[in-house]
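Written below as structure tokens is the structure these notes are about.
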Amino acid sequence: MNTALETLRRDFGGDLIGPDDAGYAAAGRSLLVPGSPALVLRPKTVADVRAGVRFAAAAGLPLSVRGGGHGFAGFATNDGGVVLDLAHLAQVEIVDERRHLVRIGGGATWGQVADALAPHGLAISSGDTRSVGVGGLTLGGGIGWKVRKYGLALDSLVAAEVVTAAGEIVRASAEENPELFWALRGGGGNFGVVTAFVFAAHLTTDVFHGTITFPAAEAATVLRGWAEHLRTAPEELTSVTDFANPFAGGPQAPVQVHVAFDGDDPRLAARAIDPLRRLGTVTGDGVALKPYAETLVEGLVPPPGIRLVTRSGFAGAGAVPEVLRVLVAAGAVEGAPLISVRAVGGAVARVPADATAYAHRDAALMVVTMSAGPEPVLAAARPALDALWHDLAPHVAGAYANFLASATEEDVAAVYPAPTYDRLAAVKRRYDPENLFARNHNVRPR
Ligand SMILES: Cc1cc2nc3c(=O)[nH]c(=O)nc-3n(C[C@H](O)[C@H](O)[C@H](O)COP(=O)(O)OP(=O)(O)OC[C@H]3O[C@@H](n4cnc5c(N)ncnc54)[C@H](O)[C@@H]3O)c2cc1C
């Protein structure tokens, strides 16, 4: 350990923050988990990243790689190990104006990306939150306000620069190390530290975005009509519906239909969105034309002692009516979690299933539940949550790694079906045979 530390102090030019240093409490934690790492390293260069990776390997310490630090499972910190926080590697640079290629540092957030691209009229399909990291979101999928038109964030990825477990620098793309490139697109942080991502951005105008609300009592008809409309709606329309929000009245909470229409033509937007307005008694309508960057919100830091538990699953088109029936019944019971349903399909479904390691291409909907509170509140809500997922089980499959607060063997199997897992394990063997990168939905190098 001492020799490894001496080598680190010699080779590492970034910030090195230990428990006795100022700023340790903030540097040690991820958004949702406090953590107590032995050392937080904030590299300023790729050489620093190599030094940090080699140090963790030589010292035999657990290693957390932190992009934006927003992972629900808290992988971006640990107790007693090393955190490699990529926050300084956040440059956003247009490297090819004609092809709209954008190189983004592995520690950038989507807010930084949206702000840098807005003056060029460009955007990348990503998520809905400014403070979420490009790293974690992209490596797991990336489902945001342009998902039906432009696909997952990882579908716009054209290359990645990676520091492997051996401290080597490797580039992955369709031409270079294609199997690694396949694995990075859905396989999470299993294969190394991505120090830079290269995306093909797309042109964007202002977009119509906002929320239409309906009374809780109309949940069943609104959800059915919503899913039916999204089945055939233009792909410019992306939508998320949530209800039963425990912080807004639980079973009495309004049904919120969030929409984003990718375009600034009011006539086309109205044609896509108006059928949703006709689904019930509209009690609020905040849809407005705004710059795309303004559709992204800031992630809130939960107060101390509050934990968030998220679970997710996917539904194919045939299962949608039954899934919605189960969800509406569950949402009507006191103690239910926040229930959120995202329409996917569209461009996501057009990518061949074996083109990337993201394994849920054929889903029509993604279901996410979120419970929040201090431990006793979560424990009290657990039976209702388990009952909900028990009732959903026959109708949903898989899980979205980016909306999972846990990482049990069962979770990993849901994220990666067996053929995907086996192919990932072969890539893992090649690039991380000792499983240095284990703070993720872990693929073992078997
Ligand atoms: C408020 C909030 C809103 C969200 N909204 C959306 C949304 O709209 N759409 C969506 O799809 N998801 C969303 N998510 C989920 C989000 O995609 C995941 O939490 C994601 O893991 C966050 O990435 P991160 O880099 O911020 O997190 P981190 O916790 O830093 O990283 C998550 C995982 O990725 C690995 N990782 C991160 N960066 C790198 C890198 N550069 N190289 C190698 N490994 C890396 C980490 O080691 C860790 O295993 C949201 C999450 C939150 C908390």
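Being a predicted model, the structure only gives us computed values, none of them experimental. Remember, it's 1-based here, ligands and their atoms both numbered in the order they're listed.
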* Structure fact -> Within the heavy-atom cut-off of under 4.0 Å, ligand 1 is lined by L31, V65, R66, G67, G68, G69, H70, G71, F72, F75, A76, L86, G106, G127, D128, T129, V132, G133, G135, G136, L137, L139, G142, I143, G189, G192, V193, V194, R342, Y400, N402, F403, R439, N440
* Under 6.0 Å from the six-membered ring centre of F181 and within 45° of its axis: does the NZ or CZ of R185 meet both? -> yes
* Asked: Without hydrogens or angle criteria, can the side chains of N190 and D432 be said to hold a donor-acceptor pair below 3.5 Å?
  -> no
* To do: Kindly state whether the ring of F199 and the ring of W110 have centres lying under 6.0 angstrom apart.
  => yes
* Asked: Quick one: does R231's side chain get under 4.5 Å of V320's, heavy atoms only?
  -> no
* Once you round to the nearest 0.5 Å, how far does CG of D242 lie from CZ of R342? -> 9.0 Å
* Intermediate values then yes/no, ring-ring contact (aromatic ring centres under 6.0 Å, His included), F72 and F403 -> CA-CA 7 Å; F72 287 103; F403 280 127; 5.7 Å; yes
